Student: 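I'd like to ask you about the structure that follows.
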Amino acid sequence: MRLSRYFLPILKETPSEAQIVSHRLMLRAGMIRQASAGIYSWLPLGFKVLRRLEQIVHEEQQRAGHIPMLMPTIQSAELWQESGRYNAYGPEMLRIRDRHDRDMLYGPTNEELITDIFRSSVRSYRELPLTLYHIQWKFRDEIRPRFGVMRGREFLMKDGYNFDLTKEDALHAYNRHFVSYLRTYERMGLKAIPMRADTGPIGGDYSHEFLVLADTGESEVFYDSRVTDFEFGDRAIDFDDRAALQGIYDQWTSLYARTDETHDDTVFAEVPEDRRRKARGIEVGQIFYFGTKYSEPMGAKVQGPDGQAVPVHMGSHGIGVSRLVGALIEANHDENGIVWPASVAPFKVGVVNLKQGDTDADAACEALYAGLATRGLDPLYDDREERAGAKFAGMDLIGCPWRITVGPRGLKNGVVELTCRRTGESEELSPEAALDACAQRLARAL
RNA sequence: CGGGCUAUAGCGCAGUCUGGUAGCGCGUUCGUCUGGGGGACGAAAGGUCGUGAGUUCGAAUCUCGCUAGCCCGACCA
């Protein structure tokens with residue numbers, strides 16, 4: 001993309017409403033604009049990141065064998081009355097009435113809808129196991145939205161639902177989500193720690209929240225410092241291998257890691273004192289096993305091998321996709337702006353032309369831009385008539401992982417400068433070598 | 001929902017107490033000089049002062065209502 005033809009309304013000054021760094025930077029970098037309290041428009045740069053996160057979530061869900069679909073944002077109140085949650089949910093649920101005076105609602109979650117779809121189509125245990133998911137906008141009418149997209153009222157979320165014949169099968173689905181979430185967050189360059197959690201209004205027996213450690217986090221967390229050493233890495237995984245998944249689950253849950261809701265001082269005291277950590281975290285995902293909580297009242301049953309109809313065992317699992325954009329910035333920034341992990345960066349390489357209009361510099365930038373695009377490296381070429389300082393500041397703010405700086409001075413010696421956003425280290429290379437270096441270093445992030 | 005606060009140009013703010021021609025910085029447009037970390041000089045555009053009523057010869061300024069937004073708390077992915 002040529003910056004001169006893009007829409008990137010960056011701000012030099014910080015809008016006064018933004019209190020935390022991710023909110024400030026998202027506004028300054030022209031990623032979002034507030035439409036009303038807790039509701040945001042996603043401008044091109046922010047939208048690009050959001051789409052990229054969605055893509056990673058889709059890939060990892062489908063790798064685990066889960067099936068994508070799409071349910072509506074507006075739901076009828078009837079199903080919620082059937083499950084008993086229409087009254088239970090409270091004012092957080094946005095209730096709407098249509099022209100026929102029917103009670104509707106903007107869905108805060110989709111257990112009822114998915115259970116209705118399931119019960120009307122699935123009759124036999126032979127069609128199980130089944131895990132369906134979608135990525136859709138949700139609405140929770142928070143009393144006090146804040147922190148930008150981290151605690152908005154409208155938010156984009158991946159929510160998935162598993163249907164299994166037995167509790168054992170459903171717990172395997174739980175583990176499958178547990179492991180696929182570890183992979184998902186790691187691919188985004190995030191360290192998300194699974195912590196034993198409260199089940200809240202969803203209900204159920206088992207639940208883990210995935211938290212990114214950050215000072216601005218809303219949850220207080222307690223953990224054994226060694227949990228942060230665990231890394232999923234490149235290991236190949238067969239999501240049908242129950243023992244393997246159980247092993248990974250057991251490893252990650254072997255050490256103390258809880259939010260304040262489930263924290264237990266007595267148990268925590270057993271952790272060696274030098275490893276006890278108390279910190280704050282941002283919740284970026286949660287998984288639940290809740291058995292027959294919805295299938296029983298809503299009559300979602302299948303016939304088992306013995307011909308008897310039994311309610312299915314279910315679980316639900318969420319990843320806060322829009323919130324992740326904020327969490328990523330909280331975890332990846334410095335005083336100059338955002339420092340995107342390469343895998344989620346909206347643009348992978350920025351090209352800065354130090355002297356727009358200089359024949360050699362223009363030609364070299366065009367060649368680099370074309371070469372980067374050909375290699376699929378999604379370059380952003382700052383071809384504006386701006387001073388060098390303004391271009392550098394802009395690139396730093398929006399957080400391109402790599403920057404190639406091109407100026408007449410370097411070109412006289414046949415070199416351009418390749419700079420790493422995260423470390424600030426620069427090297428002088430020929431334009432061709434710079435292209436190859438970018439391709440090589442970004443290979444894993446594409 | 002309880003407590004606190006704000007609303008004046010695209011953004012950040014002053015002006016309000018003490019009523020009298022609506023200002024500053026940044027950004028934007030044009031020109032010149034510039035050109036390796038938000039440059040300089042010159043010119044210009046841009047505002048129903050959130051909104052409705054009231055007081056007054058006269059209201060951004062005083063009074064009352066309304067709306068929107070922000071912060072702290074309780075609540076939450």
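Just so you know, these numbers come straight off a predicted model, no measurement behind them. Order of the sequence lines sets the chain letters (A, B, ...), proteins ahead of strands, with each chain counted from 1. Reckoned from all heavy atoms, side chains included, excluding hydrogens, waters and symmetry mates.
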Student: Tell me which nucleotide among G39(B), C71(B), G12(B) gets nearest to the side chain of E13(A).
Tutor: G12(B)
Student: So for R151(A) and C76(B), does any side-chain atom that can act as donor or acceptor lie under 3.5 Å from a complementary atom in the base?
Tutor: yes
Student: Can a donor-acceptor pair under 3.5 Å be found between the side-chain atoms of R144(A) and the base atoms of G3(B)?
Tutor: no
Student: Just compare G36(B), G73(B), C70(B) and give me whichever is closest to any side-chain atom of A37(A).
Tutor: C70(B)
Student: Could you check which of U34(B), C76(B), G73(B) has an atom nearest any side-chain atom of R387(A)?
Tutor: U34(B)
Student: Atom CD of E142(A) to atom C1' of G69(B): distance rounded to whole Å?
Tutor: 17 Å
Student: Check every atom of G36(B), C75(B), C71(B) against the side chain of L354(A) and return the nucleotide holding the closest atom.
Tutor: G36(B)
Student: Using both distances under 3.5 Å as the test, list the Watson-Crick or G-U wobble partner of C30(B), or none.
Tutor: G42(B)
Student: Do D358(A) and R409(A) meet the salt-bridge criterion of a basic N to acidic O distance under 4.0 Å?
Tutor: no
Student: Is a side-chain donor-acceptor pair under 3.5 Å present for R176(A) with N162(A)?
Tutor: no
Student: Per the atom types in the model, does the base of G37(B) pair as donor or acceptor with the side chain of R403(A) at under 3.5 Å?
Tutor: yes
Student: Kindly indicate whether the side chain of E417(A) and the base of G36(B) share any N or O donor-acceptor pair separated by less than 3.5 Å?
Tutor: yes
Student: Which base, if any, makes a Watson-Crick or G-U wobble pair with G20(B), both distances under 3.5 Å?
Tutor: C57(B)
Student: From C-beta outward on S36(A), which listed nucleotide comes closest to its side chain: A74(B), G69(B), C76(B)?
Tutor: G69(B)
Student: Are L418(A) and V349(A) packed together at the side-chain level, in the sense that at least one heavy-atom pair is separated by less than 4.5 angstrom?
Tutor: no
Student: What distance, rounded to whole Å, do you find between the two P atoms, one in G10(B) and one in G3(B)?
Tutor: 34 Å
Student: Considering every strand and a 4.0 Å limit on heavy-atom distances, what is the contact class for G407(A): base, sugar-phosphate, or nothing?
Tutor: base
Student: When both hydrogen-bonding distances must be under 3.5 Å and the geometry is Watson-Crick or G-U wobble, what is G47(B) paired with, if anything?
Tutor: none
Student: Between D159(A) and Y133(A), is any side-chain donor less than 3.5 angstrom from a side-chain acceptor?
Tutor: no
Student: Relative to the 5' end of RNA chain B, which residue comes earlier, V284(A) or V406(A), by the nucleotide with the nearest heavy atom?
Tutor: V406(A)
